[in-house]
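A short worksheet on the structure shown next.
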Amino acid sequence: MRTVQLFWGAVLLNLAVVWALFFTVAPEPKNAILGLGQFLGLHAALLMILQLTLVARLPWLDRRIGMDRLTSWHRWTGFALFWVVLLHPVLVLTGYATAYHSTVWQQFRNLAGMAGSLAGIIALAVIVVAAGVSIRYARRRLQYETWHAVHFFLYAAVTLVLVHQLFELSTFTAAPVATAYWWALWIFAIGSLLVGRVAMPLWRNARHQFRVAAVVPESDDVVSVYVRGKDLDKLPARAGQFFIWRFPGYARWWQANPFSLSAAPDGRSLRLTAKAVGGASAALRHLPVGTRVFAEGPYGAFTSLHRTRDKTLLVAGGVGITPIRALLEELSGDVVVLYRVHSRTDAVLLDELEALARDRGARVELLAGRTGTGTPPFAPFEPANLASAVPDVTDRDVYVCGPPAMTAAVIRALRALKVPRRQVHAERFSLAA
């Protein structure tokens with residue numbers, strides 16, 4: 001929680017500095033409309049800087065906040081950016097049209113003939129398309145590769161925005177200190193992105209040289225892949241975290257999937273366990289031993305580092321059991337595991353869970369059945385039922401990983417039972433599995 005406060009405090013501090021510079025050193029605009037347009041243009045750039053920082057995958061930020069939360073912030077910041085970049089040119093064009101007693105269309109034609117303005121127009125078009133395919137309705141109907149390709153063009157949009165600012169940004173050119181501060185923000189954001197998304201993954205993969213060591217079917221549609229490499233004891237991975245996995249030479253480079261570690265890292269190997277829900281995950285059971293692996297990570301704050309109590313409740317749904325199983329292997333103290341599945345045959349890794357529970361004195365309870373069936377209706381995550389299963393739930397840290405509907409139901413129940421928010425740790429199923 002403190003890291004979240006520090007992060008947003010830093011964002012607000014930089015916003016305040018930019019506001020102060022805008023109102024003290026920026027040249028006087030030709031009219032209020034144009035001034036407002038320029039003001040929104042600065043906010044569009046600041047939002048883009050924030051976007052780059054949120055997706056930079058900086059280890060120190062990810063370990064403390066978690067990629068699922070950072071990704072959520074990135075998504076909502078993206079929609080804010082969408083509206084700001086739409087309003088910015090509308091106000092600028094209107095402002096110039098008012099100042100020069102011409103039409104908006106005439107001003108558009110004038111600006112489109114200038115390199116800096118044209119770069120901004122193209123960047124705007126890319127951002128609008130990317131925002132459109134990120135709407136939930138459109139996202140569900142696109143293949144991941146298509147969605148990812150569209151978002152990849154946002155890096156081109158960033159380049160165009162920089163060109164646009166080099167030609168058009170007059171707000172901070174009057175004061176060298178203001179100019180230096182503005183470009184320092186961009187250097188930090190782009191540098192963070194290059195370090196987190198390029199340099200760090202390349203360095204770690206060159207150092208550890210990951211390879212597939214074994215492929216073990218866990219059920220008809222679930223498989224575990226064991227990965228070995230060099231100096232894995234130096235890899236800063238923890239139970240509950242995940243990697244973004246690629247298998248170059250076997251699958252296409254852009255086919256990358258986030259899978260959690262399903263066993264606590266032991267310094268000798270890593271294990272991921274995945275359910276066949278798409279072409280890439282279904283192909284894992286056919287991976288040849290020795291296949292080269294490119295792994296980005298580890299990522300995620302779903303770890304024991306955030307424990308606040310000696311006792312723990314682990315709640316898993318479906319293949320969301322993978323980080324929960326790894327956490328059970330690492331945790332000490334009084335641990336209860338609630339494993340939600342439709343039927344016992346769907347409970348992958350159950351034998352391992354029960355063996356670990358016996359060794360550690362933990363309790364594993366399988367919650368099998370379909371919600372709403374039976375008399376009374378089966379509803380294991382209603383507040384009263386959850387309190388009955390774990391009477392001291394308010395005295396425990398609670399780790400939840402599963403499908404969105406299940407995760408939401410558990411969190412609602414925990415709130416109803418007055419479990420403090422700092423004791424609740426949730427990993428979104430889409431990232432964990």
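In this text the structure is predicted, and so the values were computed from the model without any measurement.
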Heavy-atom side-chain proximity of Ile324 to Phe302 below 4.5 angstrom
yes
Minimum-distance pair of heavy atoms, taken over all atoms of Ala347 and Leu366
CB-CD1, 3.9 Å
Side chains of Asp231 and Leu235 in contact at under 4.5 Å (non-hydrogen atoms)
no
Evaluate side chain to side chain contact (heavy atoms under 4.5 Å, CB included) for Leu232 paired with His208, printing each intermediate quantity in order.
CA-CA 7 Å; Leu232 292 188; His208 298 296; 4.1 Å; yes
Report yes or no: does Thr407 contribute a side-chain atom to a donor-acceptor pair with the main-chain N or O of Gly402 at less than 3.5 Å?
yes
Would you mind writing out the side-chain donor-acceptor pairs for residues 42-50 within the sub-3.5 Å range, not counting sequence neighbours?
unit_1, atom_1, unit_2, atom_2, d
His43, ND1, Phe39, O, 2.7
His43, NE2, Trp19, NE1, 2.8

Atom CG of Leu353 and atom CD1 of Ile321: how far apart are they, to the nearest 0.5 Å?
4.5 Å
Give a yes or no on whether the backbone of Gly37 and the side-chain of His88 come within a donor-acceptor separation of less than 3.5 Å.
yes
Which value, rounded to the nearest 0.5 Å, describes the distance between Thr159 atom OG1 and Ile122 atom CD1?
12.0 Å
Interatomic distance, CZ@Arg63 vs CG@Leu61, rounded to 0.5 Å, equals 10.0 Å
Using a 3.5 Å distance criterion without hydrogens, assess whether the side chain of Arg64 forms a donor-acceptor pair with backbone atoms of Trp60.
yes
Donor-acceptor under 3.5 Å (Asn14 side chain, Ala10 main chain):
yes
About how many Å separate CZ of Arg271 and OG of Ser260, when rounded to the nearest 0.5 Å?
12.0 Å
Do any N or O atoms from the side chain of Arg57 and from the backbone of Arg197 form a donor-acceptor pair under 3.5 angstrom?
no
Would you say the rings of Tyr399 and His425 are close, in the sense that their centroids are separated by under 6.0 Å?
yes
Nearest non-hydrogen partners of Leu328 and Val335, listed with the distance
CD1-CG1, 3.9 Å
Quick one, Val225 with Leu270, criterion side chain to side chain contact (heavy atoms under 4.5 Å, CB included). Give me CA distance, side-chain angles, the key distance, then yes/no.
CA-CA 8 Å; Val225 178; Leu270 304 172; over 6 Å; no
Sequence neighbours left out, what pairs pass side chain to side chain donor-acceptor pair (under 3.5 Å) with at least one residue falling in residues 309-321?
Arg307-Thr312, Arg309-Gln423, Lys311-Asp392
Could you check whether any side-chain N or O of Gln241 sits under 3.5 Å from a backbone N or O of Arg238, counting only pairs where one atom can act as donor and the other as acceptor?
yes
Of all heavy-atom pairs linking Pro298 and Phe243, the shortest is N-CE2, 3.5 Å
Close side-chain approach of Leu338 and Pro380, heavy atoms under 4.5 Å
no
Indicate yes or no: at least one non-hydrogen side-chain atom of Val195 is less than 4.5 angstrom from one of Trp203.
no
Would you please name every residue forming a salt bridge (charged side-chain N to carboxylate O under 4.0 Å, His left out) with Glu329, sequence neighbours left out?
Arg325
Check whether the side chains of Asp346 and Ser343 place a donor and an acceptor atom closer than 3.5 Å, and report yes or no.
yes
Which distance, rounded to the nearest 0.5 Å, do you find between the OH of Tyr226 and the OG1 of Thr273?
7.0 Å
Any side-chain heavy-atom pair from Val18 and Leu185 closer than 4.5 angstrom?
yes
Taking the side chain from Trp245 and the backbone from Phe259, do they hold a donor-acceptor pair closer than 3.5 Å?
yes
With distance as the sole test, does Asp351 use its side chain to make a donor-acceptor pair with the main-chain N or O of Glu354 at under 3.5 Å?
no
Minimum heavy-atom separation for Pro383 to Ala416, with atom names?
CG-CB, 3.8 Å
Evaluate the side-chain proximity of Leu118 to Phe167: yes if any heavy-atom separation is below 4.5 Å, no if none is.
no
What do you reckon, is OH of Tyr181 surrounded by more than 12 foreign heavy atoms closer than 6.0 Å?
yes
Does the Ser72 side chain pair with the main chain of Asp68, one donor and one acceptor, at a distance under 3.5 Å?
no
Given the rule in the salt bridge (charged side-chain N to carboxylate O under 4.0 Å, His left out) test, do Arg204 and Glu296 qualify, once you have shown the distances and angles that lead to the verdict?
CA-CA 8 Å; Arg204 280 187 174 157; Glu296 296 179 50; over 6 Å; no
CG/Asp220: more than 12 non-hydrogen atoms of other groups inside 6.0 Å:
no
For the atom pair CG (Leu58) and OH (Tyr299), what is the distance rounded to the nearest 0.5 Å?
9.5 Å
Could you tell me whether the side chains of Thr371 and Arg340 share a donor-acceptor contact shorter than 3.5 Å?
yes
Can you check whether Val393 reaches Val336 side chain to side chain, under 4.5 Å on heavy atoms?
no
If you count heavy atoms of other groups shown closer than 6.0 angstrom to CZ of Arg207, is the number above 12?
yes
All heavy atoms of Ala189 vs all of Thr53, minimum pair found to be CB-OG1, 4.0 Å
Min side-chain heavy-atom separation Gln209-Arg292 under 4.5 Å:
no
Grab the two heavy atoms, one from Pro323 and one from Cys401, that are nearest each other, plus how far apart they are.
CG-SG, 3.7 Å
Kindly determine whether Thr303 and Glu330 satisfy side chain to side chain contact (heavy atoms under 4.5 Å, CB included), including the steps that lead there.
CA-CA 10 Å; Thr303 69; Glu330 183 182 88; 5.6 Å; no
Using a cut-off of 6.0 Å, state whether more than 12 heavy atoms not belonging to Trp83 lie near its atom CH2.
no
Stepwise side chain to side chain contact (heavy atoms under 4.5 Å, CB included) test for Leu154 and Gln51
CA-CA 11 Å; Leu154 285 172; Gln51 287 282 70; over 6 Å; no
For the residue pair Trp182 and Trp186, does the interplanar ring angle fall in the parallel (under 30°), tilted (30 to 60°) or perpendicular (over 60°) class?
perpendicular
